[in-house]
Student: 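Can you keep this structure in mind? I'll have questions shortly.
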Amino acid sequence: MTLSDDQMLADVDRTIDVARARAETPGCQHRAHFNSCGAALMPTVVLDALREYLALEAEFGGYEAEDRRQLELSDAYAALADLINCAPEEIAIVDSATRAWDMGFYSLPLGPGDRVLTASSEYGSNFLGMLQRTASTGASLELVPNADDGSIDVHALGGMLDERVKVVCLTHVPTDGGLVNPAAEVGRLLQATDVTYVLDASQSVGQMPIDVVELGCDVLAGPGRKFLRGPRGTGFLYMRRSLADAVEPPFVDVHAAEWTADRAFTFHSGGQRFETWESSCGAKIALGVAARYAVDWGLDAIWAQIRQASATLRAELESIPGVILRDRGVEPSGIVGFTLDGIDNATARAYLDRRGISVMTVASSYARIDMERRGLSGILRASVHYYNTDAEIERLGVAVRSLMSKSRSH
Ligand SMILES: Cc1ncc(COP(=O)(O)O)c(C=O)c1O
């Protein structure tokens with residue numbers, strides 16, 4: 001059998017040059033970073049963009065620096081739009097994924113008798129927002145049952161839909177383990193309805209291809225610092241243009257709206273209405289650079305590499321007596337959730353940290369309903385990115401093994 005040129009090219013496209021990725025990532029040189037789902041390591045290009053902008057601000061002043069970098073600032077919107085397949089005007093850049101989600105969700109009209117549906121794996125802050133907003137509007141908040149693998153049961157969701165359902169909120173990749181929710185299937189189901197579909201892509205953007213048209217979502221929120229490898233203090237909101245122009249954001253300022261008469265104003269069109277005048281221009285530019293950097297690697301290639309590395313990590317951890325993997329889902333993501341028999345999560349994290357290995361602990365408050373249902377008060381989370389190597393995974397395995405055997409000999 002011979003491969004066609006197209007097949008060979010496709011194979012080339014799927015390959016990540018890990019050595020190059022590491023050479024372009026200063027943080028890889030001295031630690032094994034398994035916390036990309038908390039905050040990933042920035043590549044040099046992102047760091048340089050941030051540093052260069054701060055130097056410009058120091059030299060010229062904040063407003064003068066902004067005047068000089070208008071092209072780069074507007075390219076940040078274009079880069080994010082390229083990343084998720086929308087128009088730049090449909091993007092708002094804010095300071096976190098939660099604020100992006102809030103600005104989207106709190107803008108949606110709700111009233112007494114309306115229904116909001118979500119899944120048990122929804123991110124904690126979103127759930128709190130839904131609790132607050134449904135309580136203040138008289139709407140109800142209901143949970144869609146899960147399928148056996150822990151993902152949202154799309155069939156059950158279909159059975160719950162009626163004309164009172166106004167919003168469905170879903171977290172694409174939950175914070176507490178490898179589950180990937182069938183976000184596109186939900187989008188296809190909702191396509192024929194008037195329901196607004198709000199997708200939290202905090203852990204999927206930068207990790208896997210995200211296409212808002214394919215996903216069928218109306219609203220999407222993502223952070224800069226996680227798998228996208230941007231700077232902290234950044235996040236972005238996508239809202240379908242026709243929806244954005246029809247809703248009223250919960251807050252307003254002179255950037256979001258035009259003050260048209262003494263007692264009147266109109267919101268600007270598109271994403272701008274969800275932003276504030278003051279923001280970190282350097283962080284915005286660096287976020288755009290991070291989005292371009294991800295697109296240059298190729299999201300298919302990144303996703304393939306992450307899945308391969310996370311399968312290696314799961315196999316490594318599974319082979320250690322006393323390690324309990326806590327992932328669910330059929331085709332798990334790069335987030336590996338686990339607990340250690342007889343060792344609390346904070347102790348394990350500190351032990352690994354002292355050995356130059358970064359992992360994260362997740363408290364149940366971040367996904368309370370899901371974790372409580374599974375009898376978990378918290379988990380350890382090790383996440384891989386395309387810059388992690390098999391040698392680093394082995395190092396993590398050796399350290400966990402030694403921690404387990406030390407605790408068993410006491
Ligand atoms: C699934 C999910 N959604 C939302 C967030 C919140 O992101 P941010 O801290 O940028 O608001 C997180 C953070 O871990 C997350 O895992």
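When a ligand or atom number is given, it counts from 1 through the structure's own listing order.
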Student: Using a 6.0 Å cut-off, check whether atom CD of Glu214 has over 12 heavy atoms from anything other than its own residue.
Tutor: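 No - once you tally the heavy atoms of other residues, nucleotides and ligands closer than 6.0 Å, there are 12 at most.
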
Student: So which heavy atom in the protein is nearest atom 4 (C) of ligand 1, and how far is it from that ligand atom?
Tutor: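 For atom 4 (C) of ligand 1, the nearest protein heavy atom comes out as Ser202 OG, 3.1 Å.
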
Student: In the protein, what heavy atom is nearest to atom 14 (O) of ligand 1, and what distance, to one decimal place, separates them?
Tutor: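 For atom 14 (O) of ligand 1, the nearest protein heavy atom is Lys226 NZ, 2.8 Å.
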
Student: Looking only at distance, does Arg381 have an N or O less than 3.5 Å from an N or O of ligand 1?
Tutor: no

Student: Does the distance from a Lys or Arg side-chain N to an Asp or Glu carboxylate O, for Glu331 and Arg307, drop under 4.0 Å?
Tutor: yes

Student: Hey, which atoms in ligand 1 end up nearer than 4.0 Å to a heavy atom of Ser96?
Tutor: 10 (O), 11 (O)

Student: Do any nitrogen or oxygen atoms of Ala97 lie less than 3.5 angstrom from nitrogen or oxygen atoms of ligand 1?
Tutor: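 Right, the criterion is met.
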
Student: Just to confirm my output: which protein heavy-atom neighbour is closest to atom 3 (N) of ligand 1, and how far is it?
Tutor: Asp200 OD2, 2.6 Å

Student: Under a 4.0 Å heavy-atom limit, does Val173 contact ligand 1 with its side chain, its backbone, both, or neither?
Tutor: backbone

Student: Please say which of Tyr293, Phe227, Trp297 ends up in a ring pair (Phe, Tyr, Trp, His ring centres under 6.0 Å) with Tyr386.
Tutor: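 Of all the options given, the one that passes is Trp297.
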
Student: Go through ligand 1 atom by atom and flag the ones less than 4.0 Å from a non-hydrogen atom of Thr98.
Tutor: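 Selected atoms, number and element: 6 (C), 7 (O), 8 (P), 11 (O).
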
Student: Output yes when the distance from some N or O of ligand 1 to some N or O of Arg225 is under 3.5 Å, and no in every other case.
Tutor: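 Yes, at least one N or O pair falls under 3.5 Å.
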
Student: Check this for me, if you would: do Arg374 and Asp176 make a salt bridge, where the nitrogen-to-carboxylate-oxygen distance has to be below 4.0 angstrom?
Tutor: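 Counted as a salt bridge, because a side-chain N and a carboxylate O are separated by less than 4.0 Å.
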
Student: Any salt bridge linking Glu52 with Arg69? Criterion: basic side-chain nitrogen under 4.0 Å from a carboxylate oxygen.
Tutor: yes

Student: With heavy atoms of Pro223 as the reference, note each atom of ligand 1 found under 4.0 Å away.
Tutor: 10 (O)

Student: Does the Lys NZ or Arg CZ of Arg368 fall within the cation-pi geometry relative to Tyr366 - under 6.0 Å from the ring centre and within 45° of the axis?
Tutor: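 Ring-cation test returns no.
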
Student: N/O to N/O below 3.5 Å, does that happen between Arg99 and ligand 1?
Tutor: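 Not met; the criterion fails.
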
Student: Has His172 got any heavy atom lying under 4.0 angstrom from an atom of ligand 1?
Tutor: no

Student: Less than 4.0 Å between a side-chain N and a carboxylate O, is that true for Asp102 and Arg99?
Tutor: yes

Student: Got a donor-acceptor contact below 3.5 angstrom from the Arg326 side chain to the Gly337 backbone?
Tutor: no

Student: Count the heavy atoms belonging to other residues, nucleotides or ligands that lie under 6.0 Å from CZ of Phe251, then report whether that count exceeds 12.
Tutor: no

Student: Which of the atoms in ligand 1, numbered in the order shown and given with their element, are less than 4.0 Å from a heavy-atom of Thr175?
Tutor: 14 (O), 15 (C), 16 (O)

Student: Can you tell which part of Thr171 has a heavy atom less than 4.0 Å from ligand 1: side chain, backbone, both or neither?
Tutor: side chain

